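To keep things clear, I will list the structure first and then write my remarks on it.
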Number of protein chains: 2
Amino acid sequence: MTKDAEDNDAPPNQPERFQQARAAQAMAILEDYAEMISDLIEEMGEARITDIASRMGVTHPTATKAVARLKREGLAVSRPYRGVFLTDEGADLAERVRARHRTVVHLLVAVGVPPETAEMDAEGLEHHVSEITLKAFERYLDAAAAK
Amino acid sequence: MTKDAEDNDAPPNQPERFQQARAAQAMAILEDYAEMISDLIEEMGEARITDIASRMGVTHPTATKAVARLKREGLAVSRPYRGVFLTDEGADLAERVRARHRTVVHLLVAVGVPPETAEMDAEGLEHHVSEITLKAFERYLDAAAAK
DNA sequence: GTGTTTTTAAAGCCTTGGCTACATTTTTGT
DNA sequence: ACAAAAATGTAGCCAAGGCTTTAAAAACAC
Ligand SMILES: [Mn+2]
Ligand SMILES: [Mn+2]
Ligand SMILES: [Mn+2]
Ligand SMILES: [Mn+2]
């Protein structure tokens, strides 16, 4: 236990953690909207601004702005006064997000979180689960299923 | 299976999930800065703007603004050109955040996430772990420790 | 003690993601 | 067909959280 070692308790990679958390946050809204639009299209054949806004708990101009950003990023398409649809890339993202969301909920329940709480928390948590962590969750759930 | 029933598969509490996730996000930065300031005070006796900025991975004007918000919210105090300190309320928050962060890391590791990844992901995840979920994590870890 | 370096402050710009208020278009009911 | 209602668009406001640039203060070296 040298002086070097004991001084070394301020990890130099700390900034990276925060930068990564901020990057994840920047994706979060895109991900939630993509998933939501996908849900709506599946349930009702199209995703209308009003329904998107209502389910996201925001006003319709806010939903409009989010959709504009999705379009700008190449994830969605729409024409004035018509519904919103996902590009292939957008649909792909939605599918990954949906699967990850489910896995997070399952893991939470598996470690003893009540289902409704798991569903609530997962909405925020999901965006910060890395690929590596997601894979670990899947392995854990598989192992638990195999009892 | 009436028309009414088949229409009814969109849970009405969905907006709440997103609203809660947004609320959690609004707290996230405050929490991280409080914890960081607490760390710095413990390690070096005071928290200087330069050090805060460097560890958070932001420029110093950004750190200054964050500290201004902490002060506005009654979590920190400081005078020009002097270090930043936490109020009782701020120190309290920092302590809870630190404990929660540790618990999240431990749980991730317990389900098979590599420690470094756990540390990275926890920085974002922690802010979306509700009290109920946190308690569930603690129970799970206790049970696992008792083997 | 003076000069240089480091730290902090201050001003101003940008994007995101909320909102309200108002205008326009589409849909619906009769 | 047309009036009323609903949906969508548009403009403009705000706060948060990034940034750069410039100025002032403090700390340090000599
Ligand atoms: Mn979400
Ligand atoms: Mn989700
Ligand atoms: Mn954090
Ligand atoms: Mn943390």
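Within every chain, numbering begins at 1; the chains are lettered A, B, ... in the order of the sequence lines, protein sequences first and strands thereafter. Because the structure is predicted, anything quoted here is derived from the model rather than measured.
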Point to revise | Chi angles and distances behind the side chain to side chain contact (heavy atoms under 4.5 Å, CB included) call for Gln14(A), Met36(B) | key: CA-CA 10 Å; Gln14(A) 267 214 337; Met36(B) 174 67 58; 3.5 Å; yes
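If you take NZ of Lys71(B) and P of dT8(C), they are 13 Å apart, rounded to a whole angstrom. Summarising the geometry, the separation between CE on Met56(B) and P on dG18(D) is reported as 7 Å, rounded to the nearest angstrom. Here the P atom of nucleotide dT7(C) and the CG atom of Leu40(B) are 14 Å apart, to the nearest Å. Nucleotide dG17(D) holds its C1' atom 16 Å from the CD atom of Glu31(B), rounded to whole Å. If you measure from atom CG of Asp32(A) to atom P of dT16(C), you get 17 Å, rounded to the nearest angstrom. Atom pair Lys65(B):NZ and dC14(D):C1' shows a separation of 13 Å (rounding to whole Å applied). Between the CZ atom of Arg55(B) and the P atom of dT7(C) there is a distance of 14 Å, given to the nearest Å. Rounded to a whole Å, the CZ atom of Arg72(B) is 9 Å from the P atom of dA15(D).
By the stacking rule of 5.5 Å between ring centres and under 30° between planes, His60(B) does not stack on the base of dT7(C).
Phosphate proximity of dC19(D) to Arg22(A): absent, as no side-chain N or O sits under 4.0 Å from OP1 or OP2. Contact check, Thr50(A) against dT8(D): a side-chain N or O comes under 4.0 Å of OP1 or OP2. Contact annotation: Thr64(B) side-chain N/O to dA10(C) OP1/OP2 distance is not under 4.0 Å. In this model, the phosphate group of dC19(C) is approached by a side-chain N or O of Thr62(A) to a distance below 4.0 Å at OP1 or OP2. Between Arg48(B) and dA27(D), a side-chain N or O to OP1/OP2 separation shorter than 4.0 Å is absent. Regarding contacts with the backbone of dC19(C), a side-chain N or O of Thr59(A) is found under 4.0 angstrom from either OP1 or OP2. Put simply, Arg79(B) has no side-chain N or O that comes within less than 4.0 Å of OP1 or OP2 on dA26(D).
Just one residue in the list Arg98(A), Arg102(A), Arg100(A), His101(A) forms a side chain to side chain donor-acceptor pair (under 3.5 Å) with Glu126(A), and that residue is His101(A).
Out of dG9(D), dA10(C), dT26(C), the shortest distance to the side chain of Ile49(A) is found at dG9(D). Among the nucleotides dG17(D), dG12(D), dG9(D), the one closest to the side chain of Pro80(A) is dG9(D).
Heavy-atom nearest nucleotides on DNA chain D were determined for Leu30(B) and for Arg82(A), and the one closer to the 5' end corresponds to Arg82(A).
In this model, no side-chain donor or acceptor of Tyr81(B) finds a partner on the base of dT7(C) within 3.5 Å.
A distance of 12.0 Å separates CZ in Phe85(A) from OG in Ser38(A), rounded to the nearest 0.5 Å.
Taking each heavy atom of Val109(B) and Pro115(B) in turn, the nearest pair found is CG2-CA, 4.0 Å.
As judged by a 4.0 angstrom heavy-atom cut-off over every strand, Pro61(A) is placed among the base-contacting residues.
Salt-bridge formation is not detected for the pair Glu123(B)/Arg22(A): no Lys NZ or Arg NE/NH1/NH2 atom is positioned less than 4.0 Å from an Asp or Glu carboxylate oxygen.
No donor-acceptor contact under 3.5 angstrom links the side chains of His127(A) and Gln25(A), judged on distance only.
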